[in-house]
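Data first, discussion second: the structure below is written as structure tokens.
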Amino acid sequence: GSLLPYVMTWNVGGGGAWRFTMHAYPFFFVAAGVAVVGTGRALRAVTRDYRLLQPAAMKPYLWRLAIVAAVAGLGTAWYLGLPWYITREAIAHGESTSIETGVRDRIFYRSGWSAPHVENITVRVSRSERAVVRLPLPARRAYDLVLRIDPVTPTSPEGVDVLFNRHLVGRLRLSWNPERVGSYRLRLREDIVTAGSNELIVVPSSVVPAGSAGPGFSWL
């Protein structure tokens, strides 16, 4: 219960600091220890008594396992899906909202992207000719969209095409500034917006092998 406020504020500037969840760690450590000890005792009991391996004797344990697995699956889906609804609510209230890369961004960044990588900032790198982002827009109206993109090298790719729901909304000529990530503003027309999930596709004018992109991409 004490962690519930953090669920709603983790994506606020500075609100994701680990210290806000530190008080819960001892409970998780104790629970993990109990689980390990309990599993060990159960396995020893099974090896001592072969009758526990019979289907009738195993049924209560299988039900418990199924319930735990279901709860864990629902909890994981809720944890990973919550950023989508928080972002959608913020946009609905007219707030300026950032969809940043990180451990909980998978619901936005779909196909064509690398895993999040931390340098001075956390980034994703497009790894195919089409990189897809899903956007939760609450109503069918016009929106302003700002893309933060850098080319792989100072000269490549020279630009990207941006498709929104399969409509071309921009041909961006990329610039290079080693001090900051490039910022590009686009206008999404009302007639191409869908209330709900929308598809943004970034299509670079060219791609380069990771091995020739310089030491900054040696992690790929």
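None of these values were measured; they are calculated from a predicted model.
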Within the side chain of Asn165, is there an N or O that forms a donor-acceptor pair under 3.5 Å with the backbone of Asn198? no

Under the 3.5 angstrom rule, does the side chain of Arg110 hit a backbone N or O of Ile107 as a donor-acceptor pair? yes

Is there a chain of hydrophobic side chains (I, L, V, M, F, W, Y, each step under 4.5 Å between heavy atoms) that links Leu188 to Val203? no

What residues, two or more places apart in sequence or in another chain, satisfy side chain to side chain contact (heavy atoms under 4.5 Å, CB included) together with Ala195? none

Residues Asp150, Arg180: salt bridge by 4.0 Å N-O rule: no

If the condition is side chain to side chain donor-acceptor pair (under 3.5 Å), which residues does Glu129 pass it with, not counting sequence neighbours? none

Within the 4.5 Å heavy-atom criterion, are Leu135 and Tyr143 side-chain neighbours or not? no

Given the options Arg171, Arg166, Arg130, Asp161 meets salt bridge (charged side-chain N to carboxylate O under 4.0 Å, His left out) only with Arg171

Below 4.5 Å, heavy atoms only, C-beta onward: do Trp176 and Ser156 meet side chain to side chain? no

For Asp105 and Gly102 the tightest heavy-atom approach is OD1-O, 2.8 Å

Does Arg104 count as lying over the ring of Tyr79, i.e. NZ or CZ under 6.0 Å from the six-ring centre, within 45 degrees of the axis? yes

Restricting to non-hydrogen atoms, name the atom on Ser114 and the atom on Arg124 that form the minimum distance, rounded to 0.1 Å. O-NH1, 2.6 Å

